[in-house]
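Taking it in order: structure first as structure tokens, then the write-up.
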Amino acid sequence: MLGRRALCSLLRPSVSSVRVGGSGAVAGRRGFADNTPATATDAAHQDFITAWKKVAPNMEPPKTPLTFMKPRPVVPGSIPTKLTINFVLPYQVELSSKEVDMVIVPATTGQMGILPGHVATIAELKPGLLSVHEGSDVNKYFVSSGFAFIHANSYTDIIAVEAVPLDKIDREQVQKGLAEYTQKLSSASTDLERAEAQIGIEFHSTLNASLSG
């Protein structure tokens, strides 16, 4: 999978300086993002709390993952007009409970369009273009990898290892990288060198195609 360093090397200078290195709240290291905790109502969680109080009545019960999870809305009787998405990276939340018309994700099986009422499924993401459609506005991101969790209640959670708005990527750096890896492939003398060059070519080719599209 492609990491943060590989994508950051292709950002425009103004963006790269903010995303990498430096010090302070903006240019420094970014902390792990989290959503506002919500009270869990799951029956299994309540059973655990009850059992804990019987064993250790004078101690506060430990927090479990369910403590921080918001219960999903029930599946509506009719198809909603909007799709609600959460788009999360390891270090920040790009979109939270955003109502949109459609999302197109780069699944390993091909480009997948997600509309309200989509059947519940899980899609693995490959490097490619992710687009969020809201009326006439389309926001595009290049994602390295991840998963899309599509729920039956017209909610979709997208978790990506790395994602960069498409307009922040320097086209010249992408084409330069493609040329470099093409040269490396032609001069590779071992299987490892050929594999590394091929991965670089596929990544830069996909990114170049996303910029051209």
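We're numbering straight along the sequence, starting at 1.
Taking CG of Leu95 as the reference point, atom CG of Asp157 lies at 11.5 Å (rounded to 0.5 Å). Asn208 CG to Ile201 CD1: the interatomic distance, rounded to the nearest 0.5 Å, is 12.5 Å. Separating the OG atom in Ser186 from the CZ atom in Arg194 is a distance of 11.5 Å, to the nearest 0.5 Å. If you take OH on Tyr155 and OG1 on Thr84, they are separated by 4.5 Å, rounding to the nearest 0.5 Å.
Lys82 pairs by the salt bridge (Lys or Arg N to Asp or Glu O under 4.0 Å) definition with Asp101, not counting sequence neighbours. Evaluation of the salt bridge (Lys or Arg N to Asp or Glu O under 4.0 Å) rule for Glu193 yields no partner, not counting sequence neighbours. For Asp137, there are no salt bridge (Lys or Arg N to Asp or Glu O under 4.0 Å) partners at least two apart in sequence or on another chain. Taking the side-chain contact (heavy atoms from CB on, under 4.5 Å) definition, one finds that Ile150 meets it with Met112, Ile114, His118, Thr121, Thr156, sequence neighbours left out.
Inter-residue side-chain proximity for Asp167 and Lys140 is flagged as unmet; no heavy-atom pair is nearer than 4.5 Å. Put simply, the side chain of Glu162 reaches to within 4.5 Å of the side chain of Tyr91, judged on heavy atoms. Residues Leu83 and Leu115 are not in side-chain contact: their nearest non-hydrogen atoms beyond the backbone lie 4.5 Å or more apart.
Shown are Asp170, Leu166, Thr206; of these, the side-chain contact (heavy atoms from CB on, under 4.5 Å) with Leu211 is made only by Leu166.
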Output a table of donor-acceptor pairs, distance under 3.5 Å, between side-chain atoms of residues 50-59 and any protein atom two or more places apart or on a different chain; print 'none' if there are none.
unit_1, atom_1, unit_2, atom_2, d
Thr50, OG1, Gln46, O, 3.0
Trp52, NE1, Met59, O, 3.2

Please tabulate, for side-chain N and O atoms in residues 124-134, each donor-acceptor pair with protein atoms closer than 3.5 Å (sequence neighbours left out).
unit_1, atom_1, unit_2, atom_2, d
Ser131, OG, His133, NE2, 3.0
Glu134, OE1, Lys98, NZ, 3.4

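Hydrophobic clustering places Leu178 together with Leu185 (ILVMFWY residues linked when any side-chain heavy atoms are closer than 4.5 Å, directly or through intermediates). Under the 4.5 Å side-chain heavy-atom criterion for Ile, Leu, Val, Met, Phe, Trp and Tyr, Ile79 and Val119 are members of distinct hydrophobic clusters.
Here the side chain of Ser145 pairs no donor or acceptor atom with the backbone of Val161 at under 3.5 angstrom. A donor-acceptor pair under 3.5 Å links the side-chain atoms of Asn86 to the main chain of Ser97, judged by distance alone.
Residues Ala163 and Leu89 share a closest heavy-atom pair of CB-CD2, 3.7 Å. Ala120 and Ala152 get closest at one heavy-atom pair: CB-N, 3.9 Å. Across all their heavy atoms, Ser96 and Val93 have their closest contact at CB-CG1, 3.8 Å. The heavy-atom pair separating Pro80 from Pro116 by the smallest distance is O-CB, 3.2 Å.
Aromatic ring centres of Tyr141 and Phe87: separated by under 6.0 Å.
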